[in-house]
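Remarks on the structure that follows.
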Amino acid sequence: MKKLYFDYEMRLDFSSPVTDHRFQLRCIPATGPRQQVIDTKVVIDPFVEASQSIDSFDSVVMTGYLPEPHTHFGYKVTGIAFVDNANIKSEIYKPLYRFDSALTIPGPAVKALTARCADRLRHERNTGSPVAVATVIMDEVYKSFVYTPKSTTIYTTAEEALAQGKGVCQDYAHVMLSVCRHLGLTARYIAGLLGGEGATHAWIEVYHKDRWIGLDPTHNRLVDDNYITIAHGRDYRDCMLDIGVFSGNDVKQTQWVNASVHEKKPEE
């Protein structure tokens, strides 16, 4: 088990004032089968009273409305997560994670990778468990990509990313999900934080012996106690950390994100 202090910030700057801004956030890590989260604090700027609920995937959702003109919007989330991958609690099986989702529908590139993984699995030893199968798939996905920031968008599908052979963690996860599902595994998308400094991260989990086990295809490794889950779902569309609509005149926006996860409490 690890005790992790997390600090996650996001800021949007608008080129001109916006109004009637409605937003939905999934930015708070929730207590779940592999982690206990305490002392969470959320600060939204400009200040607004946001409502909080739990969605159908057990993610914490905050919604709010800013009617007055503003030229920026952001939030900061801090808290403590006790993460324990050695003692993951069981969860009920859900068949929806067996099937294609909007961003994981295979095309020629994903089908070719799936065939390559299937062929390798026929010659591999010790592939009798979902985790062992997923580990082989993860290795093939990892070798199929060059990590390239800004080469894709949040709307890029698994097929589009794999066809160009480059992407970011979201793309690695979507491709791995597609292959896993078409080789008989139950798999879901995870949005979260990874130990150190940087941005948010994405990985996948496969269902094995009533528990969800994490694999990170971007780094080609099993998930350990350095990973904090924020949200999960069928693909990124179920886990959007922040989404909103607003009114404005030819508004352009720029985004800044920073995530910090450390075992030692930050200096005040």
Side-chain angles (χ1 to χ4, degrees), residues 1-10 23-44 49-64 75-97 131 169-170 173 177 186-216 221-243 257-266:
M1 176 188 287
K2 282 192 175 182
K3 179 181 181 182
L4 301 176
Y5 294 86
F6 61 86
D7 183 330
Y8 168 45
E9 296 183 71
M10 191 285 295
F23 61 86
Q24 182 182 83
L25 310 176
R26 288 176 178 80
C27 59
I28 305 175
T31 292
R34 58 180 292 274
Q35 66 188 29
Q36 181 182 4
V37 182
I38 63 170
D39 296 345
T40 55
K41 180 181 179 182
V42 182
V43 177
I44 299 175
E49 290 285 354
S51 61
Q52 186 170 309
S53 61
I54 304 295
D55 70 11
S56 58
F57 297 97
D58 298 323
S59 301
V60 179
V61 180
M62 299 184 70
T63 55
Y75 58 82
K76 180 175 182 177
V77 186
T78 58
I80 301 171
F82 295 89
V83 184
D84 188 1
N85 274 276
N87 296 286
I88 300 173
K89 296 180 177 64
S90 62
E91 289 186 73
I92 297 173
Y93 175 76
K94 294 182 178 179
L96 79 162
Y97 296 119
V131 174
C169 57
Q170 173 183 309
L177 284 175
T186 302
R188 67 186 185 184
Y189 183 98
I190 305 294
L193 306 171
L194 175 58
E197 302 277 348
T200 55
H201 194 48
W203 60 95
I204 79 144
E205 290 179 339
V206 296
Y207 196 72
H208 173 57
K209 293 184 177 179
D210 301 327
R211 290 168 176 80
W212 288 99
I213 307 300
L215 300 99
D216 180 357
R221 67 190 183 199
L222 289 171
V223 165
D224 58 21
D225 290 349
N226 294 297
Y227 292 72
I228 299 175
T229 298
I230 294 178
H232 68 261
R234 294 162 296 182
D235 59 30
Y236 170 78
R237 286 164 50 129
D238 293 331
C239 306
M240 290 186 177
L241 301 186
D242 42 75
I243 186 172
V257 173
N258 185 65
S260 173
V261 179
H262 295 281
E263 286 192 80
K264 184 179 180 181
K265 186 175 182 180

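Note: hydrogens, waters and symmetry copies are ignored here, and every other heavy atom, side chains too, is used.
- For Glu263 (side chain) and Lys2 (main-chain N/O), no donor-acceptor pair under 3.5 Å exists by modelled atom type.
- Within the model, atoms CE of Met10 and CG of Asn258 stand 13.0 Å from one another, a figure rounded to the nearest 0.5 Å.
- Between Gln35 and Pro29, the closest side-chain pair of non-hydrogen atoms falls below 4.5 Å.
- Taking 4.5 Å as the limit, some side-chain heavy atom of Ile44 sits within range of a side-chain heavy atom of Leu25.
- Atom-to-atom distance recorded for Ile228:CD1 and Leu4:CG is 4.5 Å, nearest 0.5 angstrom.
- With sequence neighbours left out, the salt bridge (Lys or Arg N to Asp or Glu O under 4.0 Å) criterion links Arg34 to no other residue.
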Side chain to side chain contact (heavy atoms under 4.5 Å, CB included) between Val77 and Phe6, intermediate numbers included: CA-CA 8 Å; Val77 186; Phe6 61 86; 4.0 Å; yes

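- When all heavy atoms are compared, the tightest approach of Ile204 to Ala173 is CG2-O, 3.6 Å.
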Trp203 and Thr229: CA distance, side-chain angles, deciding distance, side chain to side chain contact (heavy atoms under 4.5 Å, CB included) verdict: CA-CA 10 Å; Trp203 60 95; Thr229 298; 3.9 Å; yes

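- Annotation: side chain of Asp216 is in contact with side chain of His201 (closest heavy-atom distance under 4.5 Å).
- The aromatic rings of Phe57 and Tyr97 are tilted relative to each other, their planes meeting at an angle between 30° and 60°.
- Between Ile190 and Tyr227, every side-chain heavy-atom pair lies at or beyond the 4.5 Å cut-off.
- Residues Trp212 and Ile88 are not in side-chain contact: their nearest non-hydrogen atoms beyond the backbone lie 4.5 Å or more apart.
- Scored by the side chain to side chain donor-acceptor pair (under 3.5 Å) test, Glu197 finds Ser260, His262 as partners (sequence neighbours excluded).
- The shortest heavy-atom contact between Ala50 and Met62 is CB-CE, 3.8 Å.
- Of the possible donor and acceptor atoms, one in the side chain of Asn85 sits under 3.5 Å from a partner among the backbone N and O of Asp224.
- Here Tyr236 pairs with nothing under the ring pair (Phe, Tyr, Trp, His ring centres under 6.0 Å) rule; sequence neighbours left out.
- The two atoms that bring Ala191 and Leu241 nearest to each other are CB-CD2, 4.1 Å, heavy atoms only.
- The environment of Arg237 atom CZ is sparse: at most 12 non-hydrogen atoms of other residues, nucleotides or ligands sit within 6.0 angstrom.
- Not one N or O on the side chain of Arg188 forms a donor-acceptor pair closer than 3.5 Å with the backbone of His232.
- Side-chain contact between Phe82 and Thr31 is absent, with no heavy-atom pair separated by less than 4.5 Å.
- Atom CD of Glu9 and atom SG of Cys27 lie 11.5 Å apart (nearest 0.5 Å).
- Val261 is not listed as a side-chain neighbour of Asn226, based on a closest heavy-atom distance of 4.5 Å or more.
- Scanning all heavy atoms of the two residues, the minimum distance from Gly233 to Cys239 falls at N-SG, 3.4 Å.
- The side chain to side chain donor-acceptor pair (under 3.5 Å) check on Thr78 picks up nothing, with sequence neighbours excluded.
- Every salt bridge (Lys or Arg N to Asp or Glu O under 4.0 Å) that Asp238 has, sequence neighbours left out, goes to Arg234.
- Nearest heavy atoms, Ile54 versus Asp58: CG2-CA, 3.5 Å.
- Remark: Tyr75 engages Tyr8 in a ring pair (Phe, Tyr, Trp, His ring centres under 6.0 Å) (not counting sequence neighbours).
- Residues Ala231 and Arg26 come closest through the heavy atom pair CB-CD, 4.5 Å.
- Two residues are said to be in side-chain contact when any heavy atoms from C-beta on lie closer than 4.5 Å; Val37 and Ile80 fail this criterion.
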